[in-house]
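Everything numeric here is computed off the predicted structure, so don't read it as measured data.
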Amino acid sequence: PSLINPNAGFFIAVTAGDSVWVWHENSSPALTGWLPFGQLDPDTQTPSRPIDGLVFMDSAQKMAALRAGVIYLRNWPTDTKWDPLDTQFGGSLVEWEVIAPINIDDGSNGLTTSNELLGISKTGKLFRITTTGTLTELLNTKTFLSIAPVAHESTGKTTLVAVEAGTPPKLVASQPGATDKLVPLPENSALIGGLELAFDGGQVMVLACVQTVDQPPSFVTWTPFDPVRPAELFATSFPEEGAMPSGTPTRVLNFVLVPTT
């Protein structure tokens, strides 16, 4: 799902097959309910492949949808058609595994997003993508897993974290004017779900759940550019007798919500 944060209430966009629906939550019951937000062009396969991701770009007032490697854009809220975005790099068409928003620090608690987005290609390369299809490759010496990166933009500088492919995988953090930071996941481990962006003392923090072979799963945090804390993972194991994590954690105020089995 993708969160849209206008002045009156809020909207949450979700997918159903190759269609997008938006739930409008408003203090007035008469304005609360589902809004259809269109259907992508018919797929070349039967049955149609599902939509793999949604990103709302607040600054551009556009929604992006990813299906079968192609990014589609639609203006919010009045447009009537999803248009495919032509993304080429070095003269070749780029197909996508995941897309992700760039959160902007403007006093809105991270709910405002940039007029651009991030994407990881089917070849594992990380790009910044504009709404006209211009691509800028980031951390071009690395190859990444198809896990959505997280990013935060403040005073024109973007801090991002992505998961580098390898054994074990590594979290990689980049920030303008600073040396890139890397921290490996524990041996024989993998992420459960994806990454969550949070903040602690003004520092970007990444939250995740990790499954390690022959050990209980753990909840981990990382503040890669904090000048005080060690640049390593802080891990807390889940109780073996409790429910097990099954997806990406979400920070809500001073709490962390973790989906479980």
Side-chain angles (χ1 to χ4, degrees), residues 1-5 11-23 35-77 79-90 92-104 111-139 143-151 153 158 160-163 165 191 193-197 247-248 250:
S2 183
L3 179 64
I4 307 167
N5 187 38
F11 296 76
I12 297 177
V14 298
T15 65
D18 54 7
S19 298
V20 177
W21 289 82
V22 177
W23 175 261
L35 305 172
F37 199 58
Q39 188 174 25
L40 275 61
D41 289 339
D43 195 7
T44 56
Q45 293 188 11
T46 304
S48 293
R49 288 166 289 188
I51 296 172
D52 298 312
L54 291 174
V55 170
F56 179 64
M57 292 172 285
D58 194 26
S59 298
Q61 288 294 285
K62 292 180 183 289
M63 180 90 74
L66 174 65
R67 186 188 66 187
V70 178
I71 297 172
Y72 295 81
L73 296 180
R74 179 172 166 168
N75 292 328
W76 169 265
D79 206 352
T80 59
K81 189 174 184 298
W82 288 93
D83 294 314
L85 183 65
D86 183 18
T87 52
Q88 299 202 22
F89 189 74
S92 299
L93 180 68
V94 178
E95 295 184 302
W96 303 98
E97 285 285 351
V98 295
I99 55 176
I102 300 171
N103 293 278
I104 298 177
L111 295 179
T112 296
T113 51
S114 169
N115 59 357
E116 301 178 355
L117 65 157
L118 297 178
I120 295 178
S121 71
K122 287 189 176 293
T123 58
K125 295 301 180 180
L126 175 63
F127 291 89
R128 186 164 181 148
I129 309 164
T130 72
T131 56
T132 60
T134 301
L135 305 183
T136 302
E137 188 172 4
L138 308 171
L139 299 168
T143 301
F144 296 92
L145 298 180
S146 55
I147 296 172
V150 294
E153 190 170 281
T158 303
L160 65 89
V161 179
V163 185
L191 288 180
L195 305 176
E196 168 75 347
L197 179 68
T248 306
T250 300

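Residues passing the side chain to side chain contact (heavy atoms under 4.5 Å, CB included) test with S48 are D18, D43, sequence neighbours excluded. Legend: residues meeting side-chain hydrogen bond (donor to acceptor under 3.5 Å, both in side chains) with E137, ordered by chain and number and at least two apart, are absent. Checked against salt bridge (Lys or Arg N to Asp or Glu O under 4.0 Å), E116 has the following partners two or more places apart in sequence or in another chain: R128. Residues meeting the side chain to side chain contact (heavy atoms under 4.5 Å, CB included) test with W23, sequence neighbours left out: E25, T32, W34. Annotation: side chain to side chain contact (heavy atoms under 4.5 Å, CB included) contacts of T143 (sequence neighbours excluded): K125. Remark: N115 engages no residue in a side-chain hydrogen bond (donor to acceptor under 3.5 Å, both in side chains) (not counting sequence neighbours). Partners of A151 according to the side chain to side chain contact (heavy atoms under 4.5 Å, CB included) rule, which considers only residues two or more places apart in sequence or in another chain, are I102, L118, T158, L160. Listed by chain and number, the residues in a side-chain hydrogen bond (donor to acceptor under 3.5 Å, both in side chains) with T44 are R49 (sequence neighbours excluded). Scanning for salt bridge (Lys or Arg N to Asp or Glu O under 4.0 Å) contacts around D83 gives K81, with sequence neighbours left out. Looking at residues two or more places apart in sequence or on another chain, you find no ring-ring contact (aromatic ring centres under 6.0 Å, His included) involving Y72. Listed by chain and number, the residues in a side-chain hydrogen bond (donor to acceptor under 3.5 Å, both in side chains) with T123 are S121 (sequence neighbours excluded).
Minimum heavy-atom separation, L145 to A165: CD2-CB, 3.7 Å. S146 and E97 get closest at one heavy-atom pair: CB-CB, 3.7 Å. When every heavy atom of E95 is checked against every heavy atom of A68, the shortest pair comes out as OE2-O, 4.5 Å. Across all non-hydrogen atoms, the minimal contact from A65 to I99 is C-CD1, 4.3 Å. Annotation for D41 and P84: closest pair OD2-CD, 4.5 Å, computed over non-hydrogen atoms. A pairwise comparison of heavy atoms in L73 and A64 identifies CD2-CB, 3.6 Å as the closest pair.
With contacts defined as side-chain heavy-atom distances shorter than 4.5 Å, the pair I147/L191 qualifies. Side-chain contact between T131 and L117: absent, with no pair of heavy atoms (C-beta onward) separated by less than 4.5 Å. Using a 4.5 Å cut-off on side-chain heavy atoms (C-beta onward), I120 and P149 make contact. When side chains are defined from C-beta on, K62 does not count as touching F56, because their heavy atoms never get closer than 4.5 Å. Put simply, the side chain of T87 does not reach to within 4.5 Å of the side chain of F127, judged on heavy atoms. L35 is not listed as a side-chain neighbour of F37, based on a closest heavy-atom distance of 4.5 Å or more.
Side-chain atoms of W76 do not come within 3.5 Å of backbone N or O of M57 as any donor-acceptor pair.
Here the CG atom belonging to D58 is positioned 4.5 Å from the OG1 atom belonging to T112, to the nearest 0.5 angstrom. Within the model, atoms CG of L66 and CG of L54 stand 9.0 Å from one another, a figure rounded to the nearest 0.5 Å. Here the CD1-OG1 distance, from I129 to T132, works out to 11.0 Å after rounding to the nearest 0.5 Å. With rounding to the nearest 0.5 Å, the separation of CG in L126 from CG in L135 is 11.0 Å.
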